[in-house]
2 protein chains.
Amino acid sequence: MTVTLADVAARARVSPATVSRVLNGNYPVAATTRERVLRAVDELDYVLNGPASSLAAATSDLVGILVNDIADPFFGIMAGAAQTEISGPEGSSGRARGEKLAVVCNTGGSPQRELTYLTLLQRQRAAAVVITGGALEDPAHIAAMSAKLARLADAGTKVVLCGRPPLPEGAPEARNGSVLAALTFDNRGGGRRLTEHLLTLGHRSIGYVAGPTERTTTRHRLEGHRAALAAAGVAGDQDRLTVHGPYTRSSGYDATRELLRRDPGLTAIVAANDTVALGACAAVRELGLRIPEDVSVAGFDDLPFSVDAVPALTTVRLPLFAAGARAGRLAMGKEDPPPGGIATIGSDLMTRGSTAPPRG
Amino acid sequence: MTVTLADVAARARVSPATVSRVLNGNYPVAATTRERVLRAVDELDYVLNGPASSLAAATSDLVGILVNDIADPFFGIMAGAAQTEISGPEGSSGRARGEKLAVVCNTGGSPQRELTYLTLLQRQRAAAVVITGGALEDPAHIAAMSAKLARLADAGTKVVLCGRPPLPEGAPEARNGSVLAALTFDNRGGGRRLTEHLLTLGHRSIGYVAGPTERTTTRHRLEGHRAALAAAGVAGDQDRLTVHGPYTRSSGYDATRELLRRDPGLTAIVAANDTVALGACAAVRELGLRIPEDVSVAGFDDLPFSVDAVPALTTVRLPLFAAGARAGRLAMGKEDPPPGGIATIGSDLMTRGSTAPPRG
DNA sequence: CTGTTAGCGCCTTCAA
DNA sequence: TTGAAGGCGCTAACAG
């Protein structure tokens, strides 16, 4: 029925072992023999049987990239960059070589699905796994993840974290080598500088639309914000000026209305990310207020659309593409891990039209 | 070293076959036996060996979703929806059941990579493949794709096209059953209605920023545009009023400057999609022109950010999520293919603030 | 309902 | 440089 290695061997009049060797390029094969084999492969339109190959070799060429939300460019950009590094130059005809199948898995932010995908990848004996985005801060989930990652590492799967802090100290299993590298964004620093910018402009009443609770990204950005406030001696009931919600446009919209209802005197709104900021802008405008004259609005991430908002959004730029690419290289062993396996990736404050000094 | 099925069998004091049966749930197993096996699985922390399983069963639980650009929400939304249908309810603990590994592959729009991914998926004996987005109209590539898809179908892989027209008639190999279903967007109709809207408003000088050449999506949208123009008897050198470029923001920006340079009297710009439209808006504004008073701008797709543009973007809504979900269901056999294997998915004109009657 | 028996297709020592 | 042979871990008929 389907063409097998043996068929190719028969046609090329060599042994199956030889065909295997030319396909994998791991052993010396005479040029003329190789030629003959390759011709037979083409003539028969042979395609390697991945499962059989993986079973015998005890490894596979699958590399998984986990993302929280594939419809969000924040993840799309990182995943695309990683995939580019992993899949190699497009010229490769997919015949052999270190050809890897980089593949992205959408967890939808569900911890359950995250674990499920990891198990599925483990089943496939994945060569590497890149996990992007912030982590859930639930102890049970952290423990489960640590254990799972340790298992993966045991089986030889390289694990790289991208945009996520390293596993907490409390997970001894995971400490030694389970995670090859963790590239973490400077969310705290970025959040702090953003709010400092607002404070410098003269704002003293700032509302904060935070992301979902129990997520590292959310917490770090919020901590940066509050650290700036504290350093400037700005008091106020911070909890009353903070509303949590998912990283969506509608969350930004709803939260902003709520914040402005709680304190109509707010002169600035800081959003958990750019998408949320867009919703915040819509809410502000709908209330008949102008940006930035009446209310300044700021975001985080600097996604592509942010510069096209009107007015252009002040935000914190994260080098998503570069980070994703680096994670991909790390996973492929094309780059050495940073010392200690941890690297913090800096962020840049992008000051644009959506923020200005408060009225009067 | 690693735990195998035999280990579990030994611990549960049953045969390997029985363990396999409870894991796959395909054959009746006594409740008490199942209980014992499951316990052993947990105690040993056993994870099925995917390659071995796929080899023996001659199928795998991998489902590939091909996208042109993972960083573009257009694809992200479809892929996410498809993945949701394929991966099943999140409650599933990933133990067994029809658990599939839905995985997205980023071709970057490269035909070469598209073929490579298909080969890699073929290697893995993928259960299904969902191909999203427009197709390249190069005869050689079409032939290669048809042949490849026919091979995949032969091997039992379900192939579903989402947002892409069915394979051309000229590919006999592919006609009978190679593609399970093709869900195609009504790009032509949407393009026509959009331009009719502009014509109704009174526009007669309309510039068009088209997508990359040789792509079905590009061609169909443009054809719709020109059909509307022709029906309204609007003459003019259409080629001079059309500029092609990639589906990017900067392409929209550059092309719009070029169009306005060629004909400063343009009162409207139609963009290939919303991302391109954003770039067009930026260019228009930068030239000191107002939207929509001086120039109307329209997009296509109705991506989430479009409603937040200022003014909100008039565009053609494509039900991306619904289409992706349906493609996923089709791939899983959860839904019957449409008659003839082809379904056209309608589009909706969203009239918003970025279009208005021309001046004077 | 459960055990036994063969492979699935390939890789990898070991010899030649 | 090449061939022969065994086994990777699991599933799928068959029996029983």
Side-chain angles (χ1 to χ4, degrees), chain A residues 1-38 40-41 44-61 95-96 98-99 120 122-125 127 155-156, chain B residues 1-38 40-41 44-62 95-96 98-99 122-125 127 155-156:
Chain A
M1 191 53 211
T2 62
V3 182
T4 75
L5 224 192
D7 299 327
V8 175
R11 195 173 219 303
R13 296 207 265 100
V14 295
S15 73
T18 300
V19 177
S20 171
R21 290 195 264 252
V22 339
L23 257 27
N24 292 304
N26 298 330
Y27 289 80
V29 174
T32 64
T33 309
R34 146 178 291 109
E35 192 61 30
R36 205 142 34 89
V37 170
L38 256 19
V41 166
L44 263 32
D45 206 5
Y46 170 70
V47 174
L48 188 70
N49 183 317
S53 165
S54 295
L55 172 58
T59 60
S60 89
D61 52 6
R95 184 65 68 33
E99 208 54 74
L120 257 16
Q122 185 183 3
R123 267 208 207 348
Q124 304 298 327
R125 305 305 189 246
Chain B
M1 191 55 212
T2 61
V3 183
T4 75
L5 223 191
D7 298 328
V8 176
R11 196 175 218 303
R13 297 205 266 101
V14 295
S15 73
T18 300
V19 176
S20 172
R21 289 194 266 254
V22 340
L23 256 27
N24 292 304
N26 297 331
Y27 288 79
V29 174
T32 65
T33 309
R34 145 177 293 108
E35 193 60 31
R36 204 141 33 89
V37 170
L38 255 20
V41 166
L44 262 31
D45 206 5
Y46 170 69
V47 174
L48 189 69
N49 182 315
S53 167
S54 297
L55 173 58
T59 60
S60 89
D61 52 8
L62 234 198
R95 185 64 69 33
E99 208 53 72
Q122 185 182 3
R123 267 214 214 334
Q124 304 298 328
R125 304 305 189 247

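Each chain gets a letter, A, B and so on, in the order its sequence line appears, and its residues count up from 1. What you are looking at is a predicted structure, and each value in this text was computed from that prediction instead of being measured. Every heavy atom of this structure was used, including side-chain atoms; hydrogens, water molecules and symmetry mates were not.
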*How is B:Val19 classified with respect to the nucleic acid when contacts are heavy atoms under 4.0 Å: base, sugar-phosphate, or nothing?*
nothing
*I would like to know whether A:Leu44 and A:Asp7 meet side-chain contact (heavy atoms from CB on, under 4.5 Å); could you show each step before the answer?*
CA-CA 8 Å; A:Leu44 263 32; A:Asp7 299 327; 4.3 Å; yes
*Just by distance, do the side chain of A:Arg36 and the backbone of A:Ala12 share a donor-acceptor pair under 3.5 Å?*
yes
*Taking atom P of C:dC1 as reference, at what distance in whole Å does atom CD of B:Glu35 sit?*
16 Å
_Donor-acceptor under 3.5 Å (A:Asn24 side chain, A:Arg21 main chain)_ = no
*B:Leu48 has an atom CG; how far is it from atom C1' of D:dT11, in whole Å?*
10 Å
*asked:* Any side-chain N or O of B:Asn24 below 4.0 angstrom from OP1/OP2 of D:dT11?
replied: yes
*Donor-acceptor pair present, A:Arg125 side chain and D:dG9 base, under 3.5 Å*: no
*Which nucleotide sits closest to the side chain of B:Ala57: C:dG7, C:dT4, D:dA12?*
D:dA12
*Check the distance between D:dA12's C1' and B:Arg21's CZ and give it to me in whole angstrom.*
9 Å
*Minimum-distance nucleotide to A:Ala56 side chain [options: C:dT2, D:dG7, D:dG9]*: D:dG7
*Where each residue is assigned the nucleotide of DNA chain C containing its nearest heavy atom, which of A:Ala6 and B:Arg36 is assigned the position nearer the 5′ end?*
B:Arg36
*asked:* Between B:Ser53 and D:dT11, is there a contact of a side-chain N or O with OP1 or OP2 at under 4.0 Å?
replied: yes
*What is the distance, rounded to the nearest whole Å, between atom CG of A:Leu55 and atom C1' of D:dG7?*
9 Å
*Indicate, with a heavy-atom threshold strictly under 4.0 Å, whether A:Ser54 touches base, sugar-phosphate, or nothing.*
nothing
*Can any side-chain N or O of B:Ser60 pair as donor or acceptor with the backbone N or O of B:Ser54 at less than 3.5 Å?*
no
*For B:Val22 and B:Leu38, what are the C-alpha separation, side-chain angles and deciding distance, and is it a side-chain contact (heavy atoms from CB on, under 4.5 Å)?*
CA-CA 8 Å; B:Val22 340; B:Leu38 255 20; 3.8 Å; yes
_Considering every strand and a 4.0 Å limit on heavy-atom distances, what is the contact class for A:Ala17: base, sugar-phosphate, or nothing?_
base
_What is the distance, to the nearest angstrom, from the OH atom on A:Tyr46 to the P atom on C:dG9?_
10 Å
*Do the side-chain N or O atoms of A:Thr33 get closer than 4.0 angstrom to the phosphate oxygens (OP1, OP2) of D:dT1?*
no
*Considering just the side-chain nitrogens and oxygens of B:Thr18, establish if one lies under 4.0 Å of OP1 or OP2 belonging to C:dC1.*
no
*Check the side chains of B:Gln124 and B:Asp61 for a donor-acceptor pair under 3.5 angstrom, ignoring hydrogens and angles.*
no
*How close or far is atom P of C:dC8 from atom CG of B:Leu5, stated in whole angstroms?*
19 Å
_Just the rounded figure in Å: distance from C1' of C:dG3 to CZ of B:Arg13._
15 Å
*asked:* Using whole Å, what does the distance between atom P of nucleotide D:dT11 and atom OH of B:Tyr27 come to?
replied: 11 Å
*Please figure out whether B:Pro28 or A:Asn26 has its closest DNA chain C nucleotide nearer the 5' end.*
B:Pro28
*OP1 or OP2 of C:dC11 less than 4.0 angstrom from a side-chain nitrogen or oxygen of A:Ser20, does that happen here?*
yes
